[in-house]
There are 2 protein chains.
Amino acid sequence: MSNIREVARLSGVSVATVSRTLKDPRLVSPQTRERVLKAVEETGYRPNLLARNFSSGKSYAVVVLVPNVANPFFSKVIRGIEQAAQDQGYSVLLGDTQGKPEREHFYAGMALTSQADGLIQLDCRYPFAEKDMALAASVPMVNACERIADDASYPVVELDNRGAASAVARHLVALGHRRMGVITGPATSPIVRDRLAGFCEVLRASNLELDESLLVNGEFTMSSGARGAETLLSANRPPSAIFCMNDEMAIGAIHQIKKKGLSVPGDISVVGFDNIEFASFMDPPLTTIDQPAEELGRRAMETLLQMIAGNPPEQKRAKLAFDLVIRESSGECRD
Amino acid sequence: MSNIREVARLSGVSVATVSRTLKDPRLVSPQTRERVLKAVEETGYRPNLLARNFSSGKSYAVVVLVPNVANPFFSKVIRGIEQAAQDQGYSVLLGDTQGKPEREHFYAGMALTSQADGLIQLDCRYPFAEKDMALAASVPMVNACERIADDASYPVVELDNRGAASAVARHLVALGHRRMGVITGPATSPIVRDRLAGFCEVLRASNLELDESLLVNGEFTMSSGARGAETLLSANRPPSAIFCMNDEMAIGAIHQIKKKGLSVPGDISVVGFDNIEFASFMDPPLTTIDQPAEELGRRAMETLLQMIAGNPPEQKRAKLAFDLVIRESSGECRD
DNA sequence: TCTTTCTCCGTTATCGTTATTATTTATTTT
DNA sequence: AAAATAAATAATAACGATAACGGAGAAAGA
């Protein structure tokens, strides 16, 4: 691989001139420029960005911590991140954490060794190891979709989760449902709490109450949705509608309900959350909350790039708008 | 951020000793080791990997070119890649190409500027720009899942696509189907050709023939699957079974078929390909070909790491085994 | 004509780490 | 105790690009 010295030698100028020619051609005379570019052409020279980054002390990369890339919602968020990153000459290091703290520590550590200039956390945990706390304080970090519990010092780009869940509740109440079940995500997640709060808020306002026994924890997977539905169906008095905190669980729930010989929404209405691509191709097509996944990612990345540039983020908490997409998995209560 | 010099100063040794202590502690005496480690602790020193990489001339990163991260099959492959990479201290740069050549060139270019030590291409195109051909020849590259058309010089880790499609055909023939439709992927893709070949092979052996009018191109998306099904349903004599070259298209096709008031598999059998998570939660659960997605990724990464290490790959063409998963979307032909 | 200003370009220090070579110190052997 | 050997550590030159600085020469102004 040829280096800048070789190009300099070949074109009879100094390395500085070659560097200038490539970084800002206006700084060199047209003749020199031409000679240098010709030499670049001949040698097939490509600047060694490892050296450039080292020299500038920046990696021009960010690491994205995601619990599971195979989750369609997260992968859409990542697309948004990637797009915004590329637009500004940044690249994305993928940190699939599988929800494991060790892996989070490992990937977050990349920002401490200059392998990444910042990080985006899609999970709700503080990603650094205890021992790295001190150093980590200076690492640009943005939370997207989720919120790090008990730490308000990092910018967050999230959905109006509370509002969205309220909209779901209002929708179901309007359809006449009075006894509702909820399949949540992990109880530790702030967004789960937000959504639950928004949902209950509306119920209370309608003089309804959420029966504690109709509140089951899921893990944002289809199989946990199926299990959750199973639990709800075998309750003393099963609900006439189930709010699932993501689409996968809703799909799992519907699968289980139909397996039991019941119909959706005939016997039970089901509402999801996220509006992943698959939602509209289900049978029945899923009523759900549309999250602007790519925009969430893009905004998070833009905020992060601002922080990396040394500017404090414009806003600490960006709340994006949701959209209730009413399809056919929710219908009038027939009880 | 503290550097190695500071640690050296604090512990009263040379920078070389600090470096040795961290790379191979056996090379320094226990007393010095202790002092150095104490200084590391105190300063919170973390070696600057940007500098280490620069010094060693390697980035310890690979770039993965994927047409679409949001595709569940690809994201599973990526998980495998990421896992194998992490196991060997490598990181994964995400190159979502959206199938666009410019983006492929951009990301492939990272391997020419030492930002990546190698690349994995999940699409069927030669990813480098024309002008980079010469330099690119020395870049370690592996093809996974797909195969670069007209270029046998790169190692490939793929499924036995031909065999898998044959298995699908045998399954459908065994169920009594004689008139079959196929929704393929883009015609340029070698795996599409392989699968078609395998499918037709069995048909011919059974004295059947694939009616050209029942062969439609899809784009591996649900909506293209729906369109494909629409086309097939409105044919003069519609097929009694449809083989879709991935699960998304199968899901789209089933959606469309049911929308028309027909039943799957009652009226039409549908078979997919990939066995993504969603397949088993569909209604009806999808008969499909299980691809060991994570293993494909893992094997591709392992091969790539071998090449990066300077060893020629053990095998140029790794063909992994498929598994025909028979669920309920395929049934006896009732014509 | 003599400054002054500006354009263009070369010299060189620098970034943080590692590898090589040289030197010191400790240990063993005679 | 001297010599030979081994172990531990230090000094320093890379790696490739950039940026700060300065010098040379041309153009512009006095």
Side-chain angles (χ1 to χ4, degrees), chain A residues 1-40 43-61 89 109-117 135, chain B residues 1-40 43-61 89 109-117 135:
Chain A
M1 197 84 88
S2 54
N3 59 20
I4 200 171
R5 248 176 293 277
E6 198 178 325
V7 176
R9 198 176 43 71
L10 203 75
S11 48
V13 300
S14 72
V15 292
T17 303
V18 177
S19 178
R20 269 190 294 257
T21 308
L22 297 175
K23 281 212 101 180
D24 189 353
R26 292 169 312 173
L27 293 175
V28 301
S29 74
Q31 305 95 293
T32 331
R33 196 184 309 158
E34 203 178 330
R35 269 194 317 183
V36 170
L37 292 178
K38 186 155 154 283
V40 167
T43 54
Y45 169 71
R46 291 293 216 105
N48 182 332
L49 295 194
L50 221 47
R52 178 180 290 179
N53 292 350
F54 165 61
S55 185
S56 69
K58 306 217 300 177
S59 65
Y60 294 97
M110 296 181 79
L112 300 174
T113 54
S114 297
Q115 290 186 102
D117 296 340
L135 281 171
Chain B
M1 196 84 89
S2 54
N3 60 20
I4 199 170
R5 247 175 293 276
E6 199 178 324
V7 176
R9 198 177 44 72
L10 204 75
S11 48
V13 300
S14 71
V15 292
T17 302
V18 176
S19 177
R20 269 190 299 259
T21 308
L22 297 175
K23 282 213 100 181
D24 188 353
R26 292 169 313 174
L27 293 175
V28 302
S29 75
Q31 304 95 293
T32 346
R33 195 184 309 158
E34 202 178 329
R35 269 194 317 182
V36 170
L37 293 178
K38 186 155 153 282
V40 166
T43 54
Y45 168 71
R46 292 292 217 106
N48 182 331
L49 295 195
L50 221 47
R52 177 179 290 179
N53 293 349
F54 164 61
S55 185
S56 70
K58 305 216 301 176
S59 65
Y60 294 97
M110 296 182 78
L112 299 174
T113 55
S114 297
Q115 291 185 101
D117 296 341
L135 281 171

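The sequence lines fix the lettering, A, B, ..., with proteins before strands; numbering per chain opens at 1. Note that the structure is a prediction, hence the values are computed from the model and not measured.
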Checking the side chain of [X] only, and the main-chain atoms of [Y] only, is there a donor and an acceptor separated by less than 3.5 Å?
| X | Y | value |
| --- | --- | --- |
| B:Arg46 | A:Thr113 | no |
| A:Ser19 | A:Val15 | no |
| A:Ser59 | A:Gln115 | yes |
| B:Thr21 | B:Thr17 | yes |

Find the distance between [atom1] ([X]) and [atom2] ([Y]) and round it off to the nearest 0.5 Å.
| X | Y | atom1 | atom2 | result |
| --- | --- | --- | --- | --- |
| A:Asp117 | A:Ser56 | CG | OG | 8.0 Å |
| A:Leu10 | A:Lys38 | CG | NZ | 7.5 Å |
| A:Ser55 | A:Asn48 | OG | CG | 11.0 Å |
| A:Thr32 | A:Leu27 | OG1 | CG | 11.5 Å |
| B:Ser11 | B:Glu6 | OG | CD | 10.5 Å |

Within residues 44-60 of chain A, residues whose heavy atoms come under 4.0 Å of DNA chain D: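 Within this stretch, A:Tyr45, A:Pro47, A:Asn48, A:Ala51, A:Arg52, A:Phe54, A:Ser55 sit under 4.0 Å of the strand.
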Interatomic distance, A:Glu6 CD vs D:dG16 P [rounded to whole Å]: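 Interatomic distance, CD of A:Glu6 to P of D:dG16: 11 Å.
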B:Ala51 to A:Phe54 - nearest heavy-atom pair and separation: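 So the two residues come closest at CB-CE1, 3.4 Å.
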Restricting both atoms to N or O, compile the protein contacts to nucleotides 7-12 of chain D shorter than 3.5 Å, with distance only.
| unit_1 | atom_1 | unit_2 | atom_2 | d |
| --- | --- | --- | --- | --- |
| D:dT9 | OP1 | B:Ser29 | OG | 2.9 |
| D:dT9 | OP1 | B:Thr32 | OG1 | 2.2 |
| D:dT9 | OP2 | B:Ser29 | N | 2.9 |
| D:dT9 | OP2 | B:Thr32 | OG1 | 3.2 |
| D:dA10 | OP2 | B:Ser14 | N | 2.7 |
| D:dA10 | OP2 | B:Ser14 | OG | 3.1 |
| D:dA10 | OP2 | B:Thr17 | OG1 | 2.8 |

Positional range of nucleotides in DNA chain C within the contact set of chain A, heavy-atom, under 4.0 Å: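 So the contact region on DNA chain C extends C:dC8 to C:dG16.
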